[in-house]
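One structure is given here, and the rest of the page talks about it.
This chain uses plain numbering: 1 for the first residue, then up along the sequence. We use all heavy atoms of the structure for the numbers below, so side chains are in, but hydrogens, waters and symmetry mates are not.
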Amino acid sequence: LQLLGRYLQQLVMESLGKAKDLNGDIVHQGLTVYGNKGSTDQHALVQQLRDGPDDCFATFVGTWESLSSDDGARDVEVEPGVTSGDYLLASMLGTRRALSAVGRRSLTIMLRRVDAFHLGVL
């Protein structure tokens, strides 16, 4: 049962989040369900935001500086000169572009770094 909620979230947004009905008529229907994380859930959410009702906007929060913390956490270099943070930023920008391509609204906030001060000023 632990995974049932995650499964249902994906099922609802991907199955119901449609721009057109079976006849090809524009309907922009669906339900937005929040709560999961990961690429599969991102796909379901973006499909719902792109094709479902135009009744909300997305807020993206990114950082210009690579991950670095006092506890030793760092961005991982996944290939020469490219870090996991680079992939996350590209994913955010690509998702923003995908929404913009169909006229969906979004707000992007870029922080210098993720720390108590910069999150606090939000």
How long is the span from the CG atom in L122 to the CG atom in L111, to the nearest 0.5 Å?
5.0 Å
Does the side-chain contact (heavy atoms from CB on, under 4.5 Å) test come out yes or no for L99 and F60, once each step is laid out?
CA-CA 12 Å; L99 295 177; F60 299 98; 3.8 Å; yes
I109 atom CD1, over 12 foreign heavy atoms within 6.0 Å
yes
Between the side chains of T63 and R112, does any donor sit under 3.5 Å from an acceptor?
no
Hydrophobic clusters here meaning ILVMFWY residues chained together by side-chain heavy-atom distances under 4.5 Å, can you tell me if L93 and M110 are in one?
yes
Taking the basic N atoms (NZ, or NE/NH1/NH2) and the acidic carboxylate oxygens, is any pair closer than 4.0 Å for K20 and D51?
no
Value rounded to 0.5 Å, distance of CG in L45 from CD in E14:
10.5 Å
Could you state the interatomic distance from SG (C56) to CZ (R104), rounded to the nearest 0.5 Å?
8.0 Å
Under 4.5 Å between side-chain heavy atoms, hopping through other hydrophobics if needed: is there a path connecting L89 to Y87?
no
Rounded to the nearest 0.5 Å, what separates atom CZ in R50 from atom OG1 in T95?
10.5 Å
Of all heavy-atom pairs between Q48 and P53, which one has the smallest distance, and what is that distance?
NE2-CD, 3.4 Å
Would you check, one step at a time, whether the test side-chain contact (heavy atoms from CB on, under 4.5 Å) holds for F57 with L107?
CA-CA 7 Å; F57 66 93; L107 168 69; 4.2 Å; yes
Examine V102 and M92 and state if one hydrophobic cluster contains both, with Ile, Leu, Val, Met, Phe, Trp and Tyr joined whenever side-chain heavy atoms are less than 4.5 Å apart.
no
Please confirm whether the backbone N or O of V46 pairs with a side-chain atom of Q42, one donor and one acceptor, at under 3.5 Å?
no
When you group the ILVMFWY residues by side-chain heavy-atom contacts below 4.5 Å and let the links chain together, are L16 and V27 in the same group?
no
Of all heavy-atom pairs between G81 and D86, which one has the smallest distance, and what is that distance?
O-OD2, 3.9 Å
Donor-acceptor pair, N23 side chain versus D25 backbone, under 3.5 Å?
no
What is the minimum heavy-atom distance between G17 and Q47, and which atoms define it?
O-NE2, 3.1 Å
May I ask whether I26 and L22 are part of the same hydrophobic cluster, defined by side-chain heavy atoms of I, L, V, M, F, W, Y residues being less than 4.5 angstrom apart, directly or through others?
no
Quick check against the 3.5 Å criterion: does S100 have a side-chain atom that pairs as donor or acceptor with the backbone of R96?
no
Under 3.5 Å: donor-acceptor pair, side chain of S84, backbone of V76
yes
Check: Q29 side chain, K18 main-chain N or O, donor-acceptor pair, under 3.5 Å:
no
